[in-house]
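Residue numbering restarts at 1 for every chain, and letters A, B, ... go by the order of the sequence lines. Nothing here was measured: the structure is a model prediction, and the numbers come from that model.
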Amino acid sequence: MADVSMPARYSPHEVEERLMKEWLQSGAFHGETEPVGPTYSIVIPPPNVTGSLHMGHALNGTIQDVLVRYHRMLGASTLWLVGTDHAGIATQNKVEGQLAAEGLRKEDIGRDDFERRVWEWRERYGSTIIEQLKRLGCACDYERERFTMDEAYHDAVLRAFVDLYEKGDIYRDLYLVNWCPRCGSAISDLEVEHVERTDKLYYLRYPILGTDDHLTVATTRPETMFGDTAVAVNPDDPRYGRYVGMKAVVPLVDREVPIIADEHVDPEFGTGALKITPGHDPNDAEIARRHDLPGISAIDFTGRLNEQAGDFAGRDADEARPAIVDRLTELGLFERSEDYAHSVGTCYRCGTVIQPLLSLQWFMDMKRLAAPAIECVEDGRIDFFPHRWGEVYVEWMRGIRPWCVSRQLWWGHRLPVWYCDDCNEVVVALEAPAACPQCGGPVRRDEDVLDTWFSSAMWPFATLGWPESTPELKSYYPTSTLSTARDIIYLWVARMIMMGLEYMGDVPFRSVIVHPTILAADGRRMSKSLGTGIDPLELIDEYGADATRFGLLYMSSVQDVRFSAERIEMGRNFANKLWNASRLILQGVHPAATPGVEPVTPADRWIFSRLGSVCGEMAGLYESFDFAEAARVAYRFVWNEVCDWYLEIAKARLYGEDETERLQVSGNLLALLERILGLLHPMMPFVTAEVHRNLPRASAGADAQTQADLLNARFPVADPGWADESAERAMVSFIAAVAGIRSAREELDVPRDAVGRVWIVAADPGRASALTGQPGALRQLCGCEIAGVVAQEDEVPAGRFTTVAAPGLTVLLPLEGLVDAGKERARLLGRAEKAAADRARANAKLSNERFVEKAPPEVVAQERERLALAEDLLADIARQYRERLGEDLSL
RNA sequence: GGGCGAUUAGCUCAGGGGGAGAGCGCUUCCUUGACACGGAAGAGGCCACUGGUUCAAAUCCAGUAUCGCCCACCA
């Protein structure tokens, strides 16, 4: 017994902690600055500094880690750039919350102190999620950790802003924006989340000037009436044609507004008359623009009604709604209301209902940058996986609209913009001007900061040193693959592509993996507020990091999936299985053995032939990002082929007396194990690396696979010489024969310790070679000895047998004195029925002329074979029935 | 309103023109010296529905239903 001490159960935590510590200390994950040879790079989607690891991060981290580790094993210089996003609103909210606990508002301490507080907060809590990635086993370059508010990064962001301003893409405009009254900031269209809600649709009467008539308009927001500047009807609406050109009176404010005709008005909706509030509704703003109507703001930046609302001024717009309706009711101008389901825009950060309102903001027109960004996906310079997301991306890019990039926050990249109040000059520059270049007067800096997504759009190159021409930038840009969740394709991926093309003249990555969303077990989204989230760290605690990774990969596919803890448990069991298989090998191998492939027995030839296929398959699956399938292939191979069959068969030789055989099988086992560890290492880095360390190190002539650390080993490559189809065929027959023997004995209640002397009937001895070529194996697996091998059944000496069919051969299993006639009858009947059904089905097909005529010859041949097989089997069963039970079989 | 995706075993999901698969759960048996996080043998599916294409459809096409997700300016 070799000197290997491995407990019978794999305990992940000690191993994970120890290995990760070593890897980090040795700088194993640090990307070379000036690598020679191929490189492979990934930039992590930077999580918010405020974040902690959730299921999406865990899956995405695992995917990226698999890729990085796999490519490292292919010999590439890898860089996985890690870091965090300053996440303007989210982080500001966190710190504001902290202040609130002290009874303070940010205004109480001022902007500079507030910023200091945020930085302190980041120092304290900002690395939480990075530490959590380490627990997952992620091979990130932690020495190159970046933050979107790093000084150099900040400079890069301002540079891009100034440049885009100078190119005319960025401009300032008074425009209807999405205003979040709680955040006190504008947000972009993409940051508005529409939620379905049932509200009331109110029917309100607007008197028509100079008549006793009125127009009834339908609105969900009566409180916006203080900003009404028209009433619109459809030009083809016969009900209202006569009023067009007249004036209506907006109730409560008695404003006289024109009645206009516009195509946009749907005569079918409500009353067919629409109140126009250009200051608070994007549609209305559009109509107002067409008709040259003024916009009036009636709601201020805090969401309160302003002086336009008369004695309602100062009240929260939403809360004032019932009072306004009451007032209208008193005036007889409220007609009715009805339930109305519609969608309402809310802030994606805080859920507050968005107020569209007019505001002076900075915008970026995306048209110029969008064109090449569409092209590079259409011409395949960037591939999306699954491919359909590329189409979704292109579709969105085609309809891209200006992006509101300014935010009224204190935490973020402050705009490099200065104003002169004396002459209204606007200066956009990297450096603060000492004075107004026009009039020499004083200047003040814009208070606003940039949308967080503006800076994260530059992540793939700003992290590598842009605008400096650094070695890292040269080596690792464009990055290889980006892996992300689909909800930030527009917010982030699209913008990175545009900015990458603009500033680097090349795509930021070659491929984009859009991984599935892991839903809660009940099918809802995982979310903290719903309480449906599952903490991946708890999974790591309970099952281990490898198990968590494996489970996540296994359950992920191309579509969204419900989380199932069983999959993680499966990962744990698999890690343990691998551990114990390794234990069997490491404890059982001959002390003098070194890894070496020397397939001598049929099982050896089979397992290495299979290993060869699996190596190729796994490489292909990793490269095509099919990680779920990679997990399945590895699981099946290791568990169902290696453990279930090969190891069991190998035991006979491993524990045998023959020194040569022991050495031989030991070498094979070690070589096999090494390759398995390599195949699995990208998915399960810890358990594989730990086992790898326990491999015996031969002093000289060691297998090239054996390296100090699996991390730096080469990914296993098949030797073409391993391929052995006949061994695979023979083992398929062997496995079917053993399973058949076990099944028959189980059904017939044969005592398990009974030794059976079986006859093998095989026309082609090659088919039986796995049975005949390793007799110890049959004994090991089902306690049978081979009495003889014959080509024809009539060569077998008379006796009572039951038959077991396997591809290309039949096993005759002796039954003397062991069989209960009732059980045997049931067994034979069951098999006969199945054979009869097979025969009928094959007959039906073969008697169909068009099938014989049109189906491919091999399919027809297969069907003939089936028919022959079924007929033989039936005849055989009938004979046994007669011999053994003295009855004729009738079906 | 447009688009995309899903519908397969009790559950969670693979598969994908030529005899339905996995894990968990279930039944029976097994503490054999790698592993009970294990082993052996089983039971369990009209592959949502309706049509079409085809010699052959769970698989391809069309439609229907249900669910989910995006996008969109119906107040």
Asks: Counting Watson-Crick and G-U wobble pairs only, both distances under 3.5 Å, name the nucleotide matched with B:A56, or none.
Replies: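 When the pairing criteria are applied, nothing turns out to pair with B:A56, so the answer is none.
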Asks: Check whether any side-chain nitrogen or oxygen of A:S743 sits under 4.0 Å from OP1 or OP2 of B:G42, and answer yes or no.
Replies: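 Yes, such a contact exists.
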Asks: Using 4.0 Å as the upper bound for N to carboxylate O, is an ion pair formed by A:R321 and A:D318?
Replies: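 Salt bridge between A:D318 and A:R321, a charged N being under 4.0 Å from a carboxylate O: yes.
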Asks: Scan every strand shown for a Watson-Crick or G-U wobble partner of B:C74, both distances under 3.5 Å, and answer none if you come up empty.
Replies: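 Its partner: none found.
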Asks: Contact class for A:S582 (heavy atom, under 4.0 Å): base, sugar-phosphate, or nothing?
Replies: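 Since no nucleic acid heavy atom lies under 4.0 Å of A:S582, the category is nothing.
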Asks: Starting at CD1 of A:I585, measure out to CD of A:E674 and round the result to the nearest 0.5 Å.
Replies: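 The CD1 atom of A:I585 sits 10.5 Å away from the CD atom of A:E674.
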Asks: With both distances under 3.5 Å as the test, what is the Watson-Crick or G-U wobble partner of B:G63?
Replies: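 Result: B:C49.
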Asks: Watson-Crick or G-U wobble partner for B:A40, using a 3.5 Å limit on both distances?
Replies: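 Partner of B:A40: B:U28.
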Asks: Looking at every strand, decide which applies to A:H194 at a 4.0 Å heavy-atom threshold: base, sugar-phosphate, or nothing.
Replies: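 The answer is nothing, as A:H194 stays clear of every strand by at least 4.0 Å.
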Asks: Give a yes-or-no answer on whether the side chains of A:S847 and A:K845 include a donor-acceptor pair shorter than 3.5 Å.
Replies: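 Side-chain D/A pair, A:S847 to A:K845: absent.
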Asks: Should the pair A:R572-A:E569 be classified as a salt bridge under the 4.0 Å nitrogen-to-oxygen rule?
Replies: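 Here A:R572 pairs with A:E569 in a salt bridge, since their nearest N and O are under 4.0 Å apart.
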Asks: Which nucleotide wins on minimum distance to the side chain of A:K845, given the candidates B:G19, B:C35, B:G23?
Replies: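 Closest of the options to the side chain of A:K845: B:G19.
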Asks: For A:V738 and for A:R9, locate the closest nucleotide of RNA chain B by heavy-atom distance; then report the residue assigned to the nucleotide nearer the 5' terminus.
Replies: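 The residue closer to the strand's 5' end, by nearest nucleotide, is A:R9.
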Asks: Give a yes/no on whether any side-chain N or O of A:K651 is located under 4.0 angstrom from OP1 or OP2 of B:U32.
Replies: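 No, outside the criterion.
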Asks: For the side chain to side chain donor-acceptor pair (under 3.5 Å) test, which of A:E747, A:E746, A:R745 pairs with A:S743?
Replies: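 Of the listed residues A:E747, A:E746, A:R745, the side chain to side chain donor-acceptor pair (under 3.5 Å) partner of A:S743 is A:E747.
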Asks: The side chain of A:M570 lies closest to which of these nucleotides: B:A22, B:A34, B:G42?
Replies: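 Output: B:A22.
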Asks: How are the rings of A:Y635 and A:F574 set relative to one another: parallel (under 30°), tilted (30 to 60°) or perpendicular (over 60°)?
Replies: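 Aromatic pair A:Y635/A:F574 classed tilted.
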Asks: From C-beta outward on A:T219, which listed nucleotide comes closest to its side chain: B:A75, B:G33, B:G18?
Replies: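 Given the options B:A75, B:G33, B:G18, the side chain of A:T219 is closest to B:A75.
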Asks: Go ahead and name the base partner of B:A22; Watson-Crick or wobble counts if both distances stay under 3.5 Å, otherwise write none.
Replies: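 Per the H-bond distance test, B:U12.
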Asks: Just to be sure I understand the rule, does A:E648 reach a base, reach only the sugar-phosphate, or reach nothing, if contact means heavy atoms closer than 4.0 Å?
Replies: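 Counting heavy atoms under 4.0 Å across all strands, the contact made by A:E648 includes a base.
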Asks: Counting any heavy atom closer than 4.0 Å, what does A:Y490 reach on the DNA or RNA strands: base, sugar-phosphate only, or nothing?
Replies: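 Here A:Y490 touches the backbone only, sparing every base.
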Asks: Would you mind telling me which of B:C13, B:G23, B:C55 lies closest to the side-chain atoms of A:R632?
Replies: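 Among B:C13, B:G23, B:C55, the one nearest the side chain of A:R632 is B:C13.
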Asks: Side chain of A:D838 only, please: which of B:G19, B:A34, B:A72 is the nearest?
Replies: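 Among B:G19, B:A34, B:A72, the one nearest the side chain of A:D838 is B:G19.
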Asks: Under 4.0 angstrom, heavy atoms only, what part of the nucleic acid is A:Y554 near: base, sugar-phosphate, or nothing?
Replies: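 Since only primed, P, OP1 and OP2 atoms lie under 4.0 Å of A:Y554, the category is sugar-phosphate.
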Asks: Please confirm whether the shortest side-chain N or O distance from A:R562 to OP1 or OP2 of B:U12 is below 4.0 Å.
Replies: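 Looking at the OP1 and OP2 atoms of B:U12, one of them is under 4.0 Å from a side-chain N or O of A:R562.
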Asks: If the cut-off is 4.0 Å, is A:W639 near the phosphate of B:G39, judged by side-chain N/O to OP1 or OP2?
Replies: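 Yes, within the criterion.
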Asks: Assign A:Y635 to base, sugar-phosphate, or nothing according to its heavy-atom contacts below 4.0 angstrom with the strands shown.
Replies: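 Result for A:Y635 = sugar-phosphate.
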Asks: Taking the minimum atom-to-atom distance to the side chain of A:N576, which one of B:A75, B:A34, B:C37 wins?
Replies: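 The closest nucleotide is B:C37.
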Asks: If you check the A:F851 side chain, which of B:G23, B:C35, B:C55 turns out closest?
Replies: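 From the listed options, B:C55 comes nearest.
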Asks: Calculate the interatomic distance between A:R486 atom CZ and B:C71 atom P; express it in whole Å.
Replies: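 Taking CZ of A:R486 and P of B:C71, I get 10 Å after rounding.
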Asks: At under 4.0 Å between heavy atoms, what does A:N848 touch on the DNA or RNA strands: base, sugar-phosphate, or nothing?
Replies: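 Sugar-phosphate only.
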Asks: Applying a 4.0 Å non-hydrogen cut-off, can you work out what A:V859 is touching in the nucleic acid: base, sugar-phosphate, or nothing?
Replies: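 It contacts base atoms.
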Asks: Parallel, tilted or perpendicular: which one describes the rings of A:W579 and A:Y10, with boundaries at 30° and 60°?
Replies: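 Rings of A:W579 and A:Y10: tilted, 30 to 60°.
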Asks: Nearest to the side chain of A:R567 - B:U12, B:G38, B:C24?
Replies: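 My answer, after comparing the listed nucleotides, is B:U12.
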Asks: When you get a sec, tell me which of B:G42, B:C24, B:G19 is the closest nucleotide to the side chain of A:E747?
Replies: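 Output: B:G42.
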Asks: State whether A:Q559 places a side-chain N or O below 4.0 Å from either non-bridging phosphate oxygen (OP1 or OP2) of B:U7.
Replies: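 Looking at the OP1 and OP2 atoms of B:U7, neither is under 4.0 Å from any side-chain N or O of A:Q559.
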Asks: Select one nucleotide: of B:A40, B:C35, B:A75, the one nearest the side-chain heavy atoms of A:H264.
Replies: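 Side chain of A:H264 sits closest to B:A75.
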Asks: Want to settle it: does A:I585 or A:R388 sit nearer the 5' end of RNA chain B, counting the closest nucleotide to each?
Replies: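 Nearest nucleotide further toward 5': that of A:R388.
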Asks: B:G33 pairs with which nucleotide, Watson-Crick or G-U wobble, both distances below 3.5 Å?
Replies: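 No nucleotide pairs with B:G33.
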